[in-house]
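Read the structure below first, then the notes.
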Amino acid sequence: MQTGHIPLGRRAYDVLVDFDCLPRLGSVLRERALAQDNVAVITSPRIGGLYYESVEAGLREAGFRHVGRWDLPDGEESKNLARFSEAVEWLARFTPDPAIRPAVVALGGGVVGDLAGFAAASFRRGIPYVQAPTTLLAAVDSSVGGKTAVNLPEGKNLVGAFYQPRLVYVDLSTLETLEVRELRSGCAEVIKYGAALDADLFRFLEQSIEDLLALDREALTRVVTRCIELKADVVRRDEREEKRVRVCLNFGHTLGHAIEKASDRRLRHGECVAVGMLAAAHISVELGLCSAQIPQRLEALIRRAGLPAAAEGLDMAHVMEFVKHDKKFVTGANRFVVLRGIGQWQEYEGVPEELVREAAGSVLV
Ligand code: NAD
Ligand code: GLY
């Protein structure tokens with residue numbers, strides 16, 4: 001088992017990464033005294049159908065007497081206030097005794113993790129929770145760092161809290177049941193870490209992206225643990241996104257989010273991030289910050305990961321409208337995460353609108 005650590009003082013926690021380890025989650029919770037008698041597993045019909053039984057058996061074997069399951073229906077559209085209310089009302093029924101403190105296990109991808117984390121943050125003003133991510137995206141990104149949220153009709157992740165889990169418990173074997181499109185989508189975030197933060201990781205991906213997609217254990221462990229290390233360092237330096245450090249994780253996301261919205265969820269998040277990274281790299285070259293070789297390397301890797309290098313059938317005006325509403329745009333002066341080289345990000349304020357339009361045009365076909 002590989003162990004990472006998120007060093008946040010009193011809110012510090014470990015990230016454990018292994019294969020076939022979900023059945024042992026109960027004993028780990030027991031050994032680390034992370035839960036009392038009541039463990040509330042929040043999952044989805046699909047993920048729970050695949051993995052709940054083994055988690056539940058392990059919890060019972062470890063002596064947890066009251067174990068329950070609540071399912072969030074599949075899909076981003078479930079990450080909303082109505083479902084959040086259902087989750088916390090279920091928690092209230094699950095543990096009516098105020099003297100008993102339940103713990104939550106979020107078993108699923110980023111959708112389950114974000115809503116379950118927010119439920120844990122809010123129920124009785126905060127109860128302990130553990131992230132058990134089951135997608136590549138959740139393993140390398142959303143399960144670590146304590147961002148929890150639900151969406152409003154007005155926008156994504158508009159209601160939430162920074163609330164750190166007590167443990168992140170990654171069973172990489174769960175990726176074997178993930179649809180290949182979801183796996184590729186998670187690869188976009190992995191490529192993001194390499195492109196923005198770590199040239200060695202990027203070079204490793206250039207050598208081994210096919211191994212990663214084939215879920216080769218060595219490649220997968222190396223890549224996932226490195227991404228978690230990188231995220232740990234970012235979160236340590238800027239836990240609440242106040243110091244203009246955590247923004248580096250938004251590389252590719254400004255145009256990516258706009259494309260995601262304009263595609264009306266036809267495209268997966270990672271597919272849009274892939275396209276958004278190429279647009280941001282285009283901007284970087286045009287601003288004279290890096291050589292044209294950088295977007296070429298990025299595009300080659302994105303294509304090998306089976307991700308799109310352009311988005312089809314979207315209206316430019318529509319995309320630009322969403323770009324202007326992105327939360328990373330500040331009044332009068334937009335801010336983009338750009339590259340000075342592979343592994344070297346910077347924030348650039350005031351990219352000319354004409355250049356943003358040109359970059360969007362370069363990835364819309
Ligand atoms: P997801 O949670 O919707 O999961 C994708 C699909 O895969 C779903 O259909 C799910 O049922 C299925 N699935 C999950 N695990 C499976 C498995 N092991 N086997 C078979 N099927 C499985 O998507 P995601 O990409 O994991 O997460 C996206 C969400 O994460 C978005 O809501 C985004 O806002 C959020 N996010 C949050 C953060 C953060 O810091 N909190 C960071 C990035 C993204
Ligand atoms: N994925 C963005 C963040 O954790 O800040």
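For this chain, numbers begin at 1 and follow the sequence in order. Remember, it's 1-based here, ligands and their atoms both numbered in the order they're listed. Please read these numbers as outputs of a predicted model, since none were measured by experiment.
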Geometric N/O contact Lys147 with ligand 1, under 3.5 angstrom: yes

Distance under 4.0 Å to a non-hydrogen atom of Arg268: what atoms of ligand 1 satisfy this? 5 (C), 23 (O), 25 (O)

Decide whether an N or O pair under 3.5 Å exists between His269 and ligand 1. no

Option nearest atom 29 (C) of ligand 1 (shortest heavy-atom distance, choices Ser44, Gly75, Gly110): Gly110

What I want to know is whether Asp114 and ligand 1 share at least one N or O pair that is separated by under 3.5 angstrom. yes

Applying side chain to side chain contact (heavy atoms under 4.5 Å, CB included), run through Gln296 and Glu299 and close with a yes or a no. CA-CA 5 Å; Gln296 284 163 12; Glu299 181 171 341; 5.9 Å; no

Kindly confirm or rule out an N or O of Thr177 lying under 3.5 angstrom from an N or O of ligand 1. yes

Salt bridge Asp238-Arg244, side-chain N to carboxylate O under 4.0 Å: no

Quick check with a 6.0 Å cut-off and a 45 degree axis cone: is Arg297 positioned over the face of Phe202's six-membered ring? no

Taking the cut-offs as 6.0 angstrom to the six-membered ring centre and 45 degrees off its axis, would you call Arg226 and Phe204 a cation-pi pair? no

side-chain hydrogen bond (donor to acceptor under 3.5 Å, both in side chains) with Glu76: of Lys156, Arg265, Arg268, His269, only one passes, and it is Lys156

Gln346: partners by side chain to side chain donor-acceptor pair (under 3.5 Å), with sequence neighbours left out: Arg340

Relative to the heavy atoms of Leu50, which atoms of ligand 1 are at a distance of less than 4.0 Å? 19 (N), 20 (C)

Go through ligand 1 atom by atom and flag the ones less than 4.0 Å from a non-hydrogen atom of Arg46. 9 (O), 11 (O), 21 (N)

Any atoms of ligand 1 less than 4.0 Å from a non-hydrogen atom of Lys156? List them with their elements. 31 (C), 32 (O), 33 (C), 34 (O)

Where the closest heavy atom to atom 26 (O) of ligand 1 is concerned, which of Thr43, Val112, Thr135 has it? Thr135

If the cut-off is 4.0 Å to any non-hydrogen atom of Thr174, which atoms of ligand 1 fall inside it? 17 (C), 18 (N)

Under 3.5 Å: N/O of Asp141 near N/O of ligand 1: no

Sorted by chain and residue number, the residues with a non-hydrogen atom under 4.0 Å of ligand 2 are Asp141, Lys147, Lys231, Glu241, Arg246, Leu249

Within 4.0 Å of some non-hydrogen atom of Val111, the atoms of ligand 1 are 1 (P), 2 (O), 3 (O), 27 (O), 29 (C), 32 (O)

